Each structure stands twice: as structure tokens, then as C-alpha cells.
Protein chains: 2
Amino acid sequence: MESGSLHTRRSEQLREIIEERIATGRYLPGMRLDETELATEFEVSRTPIREALMQLTFTGLIDIRPRRGAIVAKISPHRLCEMFEVMAELEAMCGRLAARRLTEMDQRNLREAHKACEAAHDEGDPDEYYRRNEKFHMAIYAASHNGFLIEEATALHRRLGAYRRLQLRVLNRLRTSYSEHSAIVEAISAGDGELAAELLRKHIIVQGERFADLIASLSI
Amino acid sequence: MESGSLHTRRSEQLREIIEERIATGRYLPGMRLDETELATEFEVSRTPIREALMQLTFTGLIDIRPRRGAIVAKISPHRLCEMFEVMAELEAMCGRLAARRLTEMDQRNLREAHKACEAAHDEGDPDEYYRRNEKFHMAIYAASHNGFLIEEATALHRRLGAYRRLQLRVLNRLRTSYSEHSAIVEAISAGDGELAAELLRKHIIVQGERFADLIASLSI
DNA sequence: AAATGTAATCTTGCATACAAGAACGTCGTT
DNA sequence: AACGACGTTCTTGTATGCAAGATTACATTT
């Protein structure tokens, strides 16, 4: 979206890189992030690294324990459920507002994103579906026409990204996910905010529940 | 609330102090925050100041423009409305969950906080009412039994604090605010989640609207 | 052999030094 | 007198140095 923005502060770039590594699972939950190590790897001093880590603390991606360094945040299944519960509500809100405020452009974007999901779904490619699913949800956020809500929803969406990705791959939720999307698009297009909200709420909450089951069964 | 927690990092304390100054209006929107000045005032180096400022950026209380320093965030009336719209939804969610999950302890706390508001309301003391109103809302958040939601709601509540305070004082909303609280308490106690949600949504959204009117009329 | 206390080492947190970009004022030119 | 270019100064961004807390390993004692 705003990938074109110039980052004059080094720490911003570093944050994005580290964020990416956490999201893609290269840095696993519980792993320690050594300031000096990262500094030498990225060929900068510890200062920008520290800044990046602090930013990630506020994003919730890492935990910093005073004098004991930073570790990639371990989100407990319980907390993950709580987060999905809030995510569900935010998405529901986006859907409700989208249904009320939908422009022609919004609708075009939404249907286009939905079609793109269909293609990835047919090919059965979880990674590609993941990316297009993301765009689909972003289209709904955007259609809410509430800039602050868009930011909050996007932030939480990203924060849950790693877990959602895992779930799509493992649980093969592609089929149901896609059909749920169809109903959501129709509800929003029809201007039925309450229905859209309810469908989205369920669409998200089920992910949280399934994920909790998955985690519990793997006894992580 | 958690003032008893040990802050081993200096920047945490500094953040709280600066946050307080912004919330209470000592640092007004648009005001420039000079790192060196703050460093000499608090008798620390620029490093922890910079860390505190960065944290505040993520809280949304200040804006940092690269190489141009930090200023207290100017929230436009439009954006403020957006934020209140989201706040309304978060509070509604808290209310809905609270109605479903209310324990006896929750109910006691809620009624107690409500009674405290009544006292301040009778005395017509806006400042005291503001503080007790805060506790009332916190009691609802807590009753949701969703730790993540509690954190998010509290954060946004704080972020809007300065504006809510101003509004209570100027618009003399004490009377209506209090009577709305009564209805909310009853709905939650009765276990009617949807009603509680709807009442809370309106209770908050009206603040946003009124505030926008206020701002517009003052042509700030 | 296990456990506890102590010392060495490592890492973080803060201070200071240095470099680079931005704001401001001055001087010169038209 | 007004506008523009240049240089100074100020502030931020980054690097490094130093001190204090935390971890770890070892030695001593039971």
C-alpha cells in the first residue's frame, strides 16, 4: 500500500525486515533476538536495532524483559482466541460500514479481489490464496471509509498473519473460506450491514476456534 | 492503576509523564517536543527521551517527522469522529461480552463505579465525574473477560481522554451521561448483550458527534 | 554428588560523541 | 526593494563508550 514511502530512519526498515522474518516463521516464538548479533548482521550500530525492537514491542510481535533482552512473542492459545475475538468484531464493523457506505469503486475492488481468490482456490495454492485472501479483507476494510478503523484492522490482521497462514495450510480451510467470502460479498453489495457483520464475525471467529483446537491437539 | 509496577527502563517512566502532560493539556496539539530540552529537564540523556517519544508515536499521541522532530499529534475533527466510531464499537463489544460473562464480582464493581458517578454527578464536579466515569467504563471493559480487548479499549480510551474531558466540561453532558449509564448497567445485569451493546454504542458515538460539532463551531 | 555461593562474562541500558539533513538568516544580485 | 543563493547553526539520526544488572560456570561445602 504505502511501500513507496521513503524511510529516512534506518530503524523503520529494520523493523519491517524483522517483522517479515517473524511473520514468515524464520524467527520462531520464544527465540531470543540479540541486539549485537542483529547489529553486525545488518551492519549498523545497536542504536537503530534497539529502536526497531522497541517498535516491535509496541506492535506486540516481541516481548522485551528489562535487562533480559527481546524474544519473539509467544502468544498463548488463550490469548490468540481473545485476539481473534477482537479481530472478528473489527472485521464485522468494517463489513457493516462497508455495506452502508459502499461506492461503485469499492464494489469493483471487492469483487475483483474475490475473483482473484477464486482463481487461487481452484489451483489449490495455499500461499497464493493467503496473499489474495489478505487483499480481499483489505478491500473490505477500505470500503468502511473509516481511516482509523482501516489502520487498526490492518495492524491486527498483520499481527495474526503468521497464525492465519499456518491454519490455512494445515486445516485446508480454503474451500469453506472461499464460499464464506461469496456470501459476504453478496451481503455487502446488497447493503445488508447486519448480515455482513454477522457473516464476517463468524468467518473470523471460526479461525480462532479452529486454531485453538489445532494448537491444543499439537500440545504446543 | 498499575502505578505500582516497577519500571526498570527509564523511558517507560518518561513516556508516562509525557503522556500525562499531553492528556492533561499541558502539551497542546501541534506543540514541538525538543529532545534536548526534555533531556535537560528530566536530567537524562537524549537516548531515553528518544525511546519515550518513539513509544508515544506508536500510541498515536505524537507524530515524528523524519529529521524534523516530534510534535504532539493534531487530531482533526474528522479523524476524531473516526476514532470515536471505533471506540463505540469496542465499548459495545465489551458490553455484549460483559452481559454474557458477568460474574458477581463484576456486577458489584460495576454498580459501585456507577454509584460513585452518581455522587460526583450530584455535586456537579466535572473533573471528579471524569475520573469516576473512567472507572465505570473500565469496569465494563474488565467484565468482558477478554484481556486483549481490555488492553485495546483502555489504550483507545486514554488516547481520546483529553477530548472527552474537554467535552464533559464544555457541553455539560453530565446529566445525560449519567442516565445513560443507568440503562447500561441494567442491560448488562439483565444479561441482554445486544441491548447493552446498542446503548454503549450510542453513548460513545454521541460524544464523537457532539465533539465534532463543538470543534466545528469553534472553527479550530 | 548435589547444592549453594561467588566470581567472571555477557548483555542490556544510558551517556556522549560525531555526522548529516533541515531551518534560518544574511548577503548579493537584479 | 524583492528574490534567490549560500552559509551558518540547530536538531535529529547513528555510532561508540561505559556502567550496572543478569546469566553462567566453577569452586567450595555439606
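Computed from a predicted structure; not experimentally measured. Residue numbering restarts at 1 for every chain, and letters A, B, ... go by the order of the sequence lines. Quick note: numbers below take in every heavy atom, side chains included, and nothing from hydrogens, waters or symmetry partners.
- Residue A:F42 contributes atom CZ, which lies 14 Å from atom P of D:dT14 at whole-angstrom precision.
- Side-chain contact, B:T59 with B:E19: no donor N or O sits under 3.5 Å from an acceptor N or O.
- In this structure, A:I49 places its CD1 atom 11 Å from P of C:dT12, rounding to the nearest Å.
- Closest approach to the B:P48 side chain among C:dC14, D:dT14, C:dA23 is made by C:dC14 (side chain taken as heavy atoms from C-beta onward).
- Among the nucleotides C:dT12, C:dG21, D:dT14, the one closest to any side-chain atom of A:T36 is C:dT12.
- Listed nucleotides C:dA20, C:dC14, D:dT14 differ in distance to A:S45; the shortest reach to its side chain belongs to D:dT14.
- Nearest to the side chain of A:D34, among D:dT23, C:dT12, C:dC14, sits C:dT12.
- A:E43 places its CD atom 15 Å from the C1' atom of D:dT14, with the value rounded to the nearest Å.
- Residue A:R68 has no polar side-chain atom (N or O) positioned under 4.0 Å from OP1 or OP2 of C:dT11.
- Summarising the geometry, the separation between CD on A:E37 and C1' on C:dT11 is reported as 12 Å, rounded to the nearest angstrom.
- Contact check, A:R10 against D:dG13: no side-chain N or O comes under 4.0 Å of OP1 or OP2.
- When rounded to the nearest whole Å, the span between CG of B:L38 and C1' of D:dT11 equals 13 Å.
- Partner of B:Q13 under the side-chain hydrogen bond (donor to acceptor under 3.5 Å, both in side chains) criterion, chosen from B:R15, B:E16, B:R10: B:R10.
- The A:R50 side chain lies nearest to C:dG13 when the options are D:dT11, C:dG21, C:dG13.
- Between B:H157 and B:H137, the two ring planes are tilted [angle within 30° to 60°].
- In this structure, the CD atom of A:E12 is 16 Å from the P atom of D:dT12, given to the nearest Å.
- Taking the six-membered ring where the residue is Trp, the centroids of A:H121 and A:H114 are separated by 6.0 Å or more.
- Side-chain N/O atoms of A:R46 and base N/O atoms of C:dG13 include a donor-acceptor pair closer than 3.5 Å.
- Protein atom CD of B:Q55 is 11 Å distant from nucleotide atom P of C:dG13, rounded to whole Å.
- Taking atom CD on B:E35 and atom C1' on C:dT16, their separation rounds to 14 Å, with Å as the unit.
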